[in-house]
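What follows is a single structure, and I will ask about it in a moment.
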Amino acid sequence: MKKLITVVAGIGFLVGAASADVASDQKDLIGYFKALKPNVEFADYTNGVYAYDAGSRDQFEEILDGIPPYEEAVEKGGKEFVKFGLNKCAALKDPAAARVKHPYFDEATQKVVTLEGVLKACYLEQTGKKLGSNKGKIARISAWISDQAAGEKVNVKVEGAAANAAYNQGKAYFYGKRGEFNMSCADCHVYNAGKKARADILSPALGHTTHVPMYRAKWAGLGTLQRRYGGCLKNMRAKPISSQSELMNNLEYFHQAMSNGLEITDARYRK
Ligand code: HEC
């Protein structure tokens with residue numbers, strides 16, 4: 001126990017500027033996973049299920065050794081970023097900084113702003129057309145933006161009463177039971193992390209947002225974090241919620257904050 005506390009305290013400084021609530025929630029989560037898998041290093045949580053399952057990790061590393069199936073799409077996203085004039089929007093001028101800044105709570109609108117939300121608004125401004133939320137162009141461009149920030153750390157800030165309320169709604173949603181099976185996100189990604197669910201091994205929630213948008217073999221393409229939320233909600237037979245809605249964004253706000261201090265990575269392959 002003493003050792004566990006030392007480890008958790010050592011990680012505490014990484015959380016840095018985040019408010020006390022976020023820091024203590026994350027400390028609890030890290031402590032939980034440290035007790036569950038004492039040999040898994042904090043930094044390894046960027047690797048999701050591969051941090052817990054040596055078998056699928058081999059496959060993952062083989063894929064990363066070659067040309068990952070998303071490489072071309074991400075490159076295309078970089079070209080599209082310029083082609084559609086997204087580099088002209090103030091919020092996206094410095095792509096690496098944009099990845100690190102989002103999601104954040106905007107005091108002016110009293111809402112969480114996600115990176116994809118900014119991409120949609122900027123795309124509309126520049127082209128007069130709507131951009132989807134889940135896959136295709138938005139996922140390619142967002143993945144390219146994320147790649148510019150690879151190696152930097154997730155650092156979601158939750159400051160002030162309204163930001164805390166948004167964060168708390170996301171947290172309550174994550175831990176709340178719903179759907180035909182009466183399950184919560186946490187039931188799978190906290191309490192049963194590392195265990196098998198049908199053909200899959202359940203990944204820990206810690207680090208879930210470090211490699212987004214992710215490529216999935218099942219999708220044969222890239223998808224945003226919120227696309228993935230939609231998929232899990234469907235598997236839970238829960239009421240769907242729209243991508244980029246306030247509730248989805250608050251869920252993302254909480255969920256990303258739980259990855260504070262972990263490195264953003266371009267290793268975005270998942271089954
Ligand atoms: C019945 C179990 C179950 C529940 C409940 C569940 N998921 Fe999942 N989720 C999975 C499985 C299985 C996968 C694929 C294997 C893995 O990475 O865990 C997955 C993958 C994910 C991933 C991708 C992880 C990665 O490393 O890329 C995210 C993000 C995620 N889930 C979020 C959620 C959220 C948010 C909720 C609640 C709305 C939720 N899940 C509820 C089973 C579940």
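Numbering of ligands and ligand atoms starts at 1, following listing order.
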- Determine, stepwise, if the pair Glu80 / Arg140 fulfils salt bridge (charged side-chain N to carboxylate O under 4.0 Å, His left out). CA-CA 8 Å; Glu80 287 168 327; Arg140 290 194 293 270; 2.8 Å; yes
- From the list Arg268, Lys135, Met214, side chain to side chain contact (heavy atoms under 4.5 Å, CB included) partner of Leu222 resolves to Arg268
- Query: Can you tell me if an N/O/S atom from Cys185 lies under 2.8 Å from atom 8 (Fe) of ligand 1?
  - Reply: no
- Note on the structure: Counting heavy atoms under 4.0 Å, the part of His189 that contacts ligand 1 is side chain
- Query: Any chance the SG atoms on Cys122 and Cys89 come in under 2.5 Å?
  - Reply: yes
- Which word best sums up how the rings of Tyr215 and Tyr70 line up, parallel for under 30°, tilted for 30 to 60°, or perpendicular for over 60°? tilted
- With a 4.0 Å cut-off on heavy atoms, does Arg216 reach ligand 1? no
- Note on the structure: Checking heavy-atom distances from atom 42 (C) of ligand 1 to each of Leu251, Asp187, Leu202, the winner is Leu202
- Look at atom 39 (C) of ligand 1 and say which protein heavy atom is nearest, naming residue and atom and giving the distance to 0.1 Å. Cys232 CB, 3.4 Å
- Note on the structure: When distances are taken from atom 35 (C) of ligand 1, the protein heavy atom at minimum range is Tyr229 CD2, 3.5 Å
- Query: Can you check whether Lys129 reaches Leu124 side chain to side chain, under 4.5 Å on heavy atoms?
  - Reply: no
- Begin with the C-alpha distance, continue with both residues' side-chain angles, and end with the deciding distance and a verdict on salt bridge (charged side-chain N to carboxylate O under 4.0 Å, His left out) for Lys171 and Asp21. CA-CA 11 Å; Lys171 179 180 162 186; Asp21 272 355; over 6 Å; no
- Task: Would you mind finding which of Leu233, Ile201, Leu225, Asp200 brings a heavy atom closest to atom 12 (C) of ligand 1?
- Result: Asp200
- Going by heavy atoms, is Ser184 under 4.0 Å from ligand 1? yes
- Parallel under 30°, tilted from 30 to 60°, perpendicular over 60°: which one fits the rings of Phe33 and Tyr45? tilted
- Item | Residue portion contacting ligand 1 (non-hydrogen atoms closer than 4.0 Å) for His255 | side chain
- Query: Taking both backbone and side-chain atoms of Tyr173, is any N or O found less than 3.5 Å from an N or O belonging to ligand 1?
  - Reply: no
- Message: Show me which atoms of ligand 1 lie under 4.0 Å from any heavy atom of Met214.
- Response: 23 (C), 27 (O)
- Given Gly231, Ser203, Cys188, Gly207, which has its nearest heavy atom closest to atom 1 (C) of ligand 1? Cys188
- min-distance protein heavy atom vs atom 26 (O) of ligand 1 -> Arg270 NE, 2.9 Å
- Task: Please work out which of His208, Lys196, Lys234, His211 has its closest non-hydrogen atom nearest to atom 29 (C) of ligand 1.
- Result: His208
- Query: What's the verdict on salt bridge (charged side-chain N to carboxylate O under 4.0 Å, His left out) for Asp200 and Lys218, showing C-alpha distance, side-chain angles and the deciding distance?
  - Reply: CA-CA 12 Å; Asp200 292 300; Lys218 189 184 158 196; over 6 Å; no
- Message: Looking at Glu72 and Lys76, is any side-chain nitrogen of the basic one under 4.0 Å from a carboxylate oxygen of the acidic one?
- Response: no
- Message: Nearest non-hydrogen contact with atom 14 (C) of ligand 1 belongs to which option: Arg237, Arg228, Met236?
- Response: Arg228
